[in-house]
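Heads up, the thing below is written out as structure tokens.
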Amino acid sequence: MAGESTPQQQDQDFADYRGVWVLVEHARGRVNTVSWELLGEGRKLAARLDVELAAAVLGNQVDHLVDEAFEFGADLVYRVDDPVLEYYRTRPYCHGLSSLIRAYKPEILLLGATSMGRDLASAVATEVLTGLTADTTMLDVEPPPSRLLLASRPAFGEKILATILCKHRRPQMATVRPKTFAMPPRERGRRGPVIDAPLGLTEADIATKVLDYVAEEHYGLKLQEADVIVAGGRGLGDPAGFKLLEELAEALGGVVGASRAAVDAGWISHEYQVGQTGRTVRPKLYIACGISGAIQHLVGMEKSDMIVAINKDPRAPIFQLAHAGIVGDLYQVVPVLTRAFRERLGGQPLLSA
Amino acid sequence: MARTPHVVVCVKQVPDTTEIRIDPKTGTLQRAGIPSVLNPYDVPALEEALRLKDRFGVRVTAITMGPPQAKEALQRCVAYGADEAVLLTDRIMAGADTLATTYALWRALVKLDAEHPIDLVICGKQTIDGDTGQVGPGIAHRLGFQQLTYVIRLREIDFDRRTIEVERVTETAREVLRSRLPAVLTVVKEINKPRYASLPNLIRATRYEPIVWNGQNTDLDPNLCGLKGSPTIVSKTFAPPPRDHQCEMIAAADLDQVANRVVDAVLDHPVIRRLREAPAVAGVAREAAPAAVRGSGG
């Protein structure tokens, strides 16, 4: 940490820091789609700043990831390809990414707000002594000459949004919640230049070893990827209510979710939870049954393309967000709705997989 | 064992965020009179340390950076069973972001380590007020300790051989990691079920006065502390943008009619309609559809 200087007193212009970077997160050859979402959003920031959009790809034998990064919008790729990077571990990834930053000086670096992204971003920001905004849900930039990243994030239990600036350090770093931004279009065959950098570490330098890796079919992940979600809340009044929701979900080819109230009541496991302490989702169709619409729930599903709400209380906040609302008893409405969807869809899912 | 192993738990006193209200007119926080609590994620972190105390007789120290009243959070730790507690408090630390926070905590941990070498630091995975999860890793990096985050199980620890084995959860997997001591763990709530405070510890806690350190006796550079030492600043806060559309309330004489109109509305939604009309070749291409188009009133 030698040479740490006061972050609020420097008055550099950072003219040598240019470009928007996205760290491509992957595990066992599969990319976390949040990285592509960030390339989509990063494209807009890069355009406003008139700079290149770059992907940083670290791993072992990552050529296919490099290709995909170009297809999702990267103008160039910084690659660190080394057997030591086979599995994610903090030390070598932090070393590799920090070295890239020092050598090629991005002005903005975005990562997913995931277990890996948060772990890595925190270490890297401490290594390069810059500012890091966690869990961002809105991104913008001030046009040149200030070029500042405006990273907004929920605060105090999602009740308020705060815009965070990092004026005197570069890069400006942020982690971003998955499913906050839409996937960019994929341009097959699109390619660009690749800059290779060495890792400069060997296995002997790394104290942490991965002994085992068990892929877990988390329900939460399925929930996050689903196109149709039928979710239940306190209004169900009973764990048995989820049976009805399952039938509706099945008729639509979707999955079941829940609000925190239903999880806290012990009606369904935490894996099903949508919202601040659960998953953020972005399905095409979200049907909220007996969910009043606490802000902590709304932030987890407000980006759904279409929201249908069923609630007894006409003043429930969920109706302010929903596109279609039914005031009524879900125990009466849902079975009829299930039947109607079955008939109209002829047993096919609403959206083909 | 040559000496008693030392486990340090980093905690924070936080406002009970569930109690915070927003002034709908000004969009500002109404914080007055909000009770403070020990960050809920820190309780399982402390519990994990106390289990090591039960098994190996380790010394457990709780530490926090905060205003003088953060003493209450430390007394809570003593009530659960912490041996000692350190309050790092100084006006120069006010307004710290995570980088400035890890700077100050790092200096204090170095001082603590000099008095009684630290084998393990345990933190909660995040706080409920900041929600960043950045302080644990920041401390690990500054100390040069091994960084092990989102730990759901401490499988093995050997203070003599200096090894540790943990299970870590990610969005898609559970990893088993073997690493070296000293290490910093951040733990998820599911790692354990915290104990209740025992009566003798509760009594001890009521009279307990933590060790108080300030910037001077931890050798802090004031320029790297608090607001001054923070690269990030909050430029503004605002209420989430209002919704941009009207909800179509569907009511009809009988439920079948209601249901059919809901089905119509769903099938007629631009995004859903387009996807149904032009089923894409690959899943990826489908995801690529612009998602913006909101419902009717948009």
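Excluded from the calculations below are hydrogen atoms, water molecules and symmetry mates; all remaining heavy atoms, backbone and side chain alike, are included. Just so it is clear: chains get the letters A, B, ... in the order the sequence lines come, proteins before strands, and each one is counted from 1.
Proximity to chain A among residues 149-157 of chain B is limited to Thr149(B), Tyr150(B), judged by heavy-atom separations below 4.5 angstrom.
A distance of 4.0 Å separates OG1 of Thr172(B) from OH of Tyr213(A), quoted to the nearest 0.5 Å. Taken to the nearest 0.5 Å, the OG1 atom of Thr232(B) stands 8.5 Å off from the CG atom of Leu132(A). With rounding to the nearest 0.5 angstrom, the CZ atom of Arg273(B) is 16.0 Å from the NZ atom of Lys284(A). Atoms NZ and CD1, from Lys236(B) and Ile164(A) in turn, are 12.0 Å apart once rounded to the nearest 0.5 Å.
For Arg279(A), the part sitting under 4.5 Å from any heavy atom of chain B is the side chain, from C-beta outward, and nothing else. Looking at Leu177(B), the atoms closer than 4.5 Å to chain A (heavy atoms on both sides) sit in the backbone and in the side chain alike.
Heavy-atom pairs under 4.5 Å with chain B peak, among Cys166(A), Gly40(A), Ala151(A), Ala309(A), at Cys166(A). Among Ser152(A), Ser122(A), Gly131(A), Pro178(A), the residue with the largest count of heavy-atom pairs under 4.5 Å with chain B is Ser122(A).
Between Arg344(A) and Asn260(B) the shortest side-chain heavy-atom distance falls below 4.5 Å.
A pairwise comparison of heavy atoms in Arg153(A) and Gly130(B) identifies NH1-O, 2.8 Å as the closest pair.
A salt bridge does not link Arg174(B) with Asp212(A): every distance from a Lys NZ or Arg NE/NH1/NH2 to an Asp or Glu carboxylate oxygen is 4.0 Å or more.
Judged by distance alone, the side chain of Gln147(B) and the main-chain N or O of Asp119(A) form a donor-acceptor pair under 3.5 Å.
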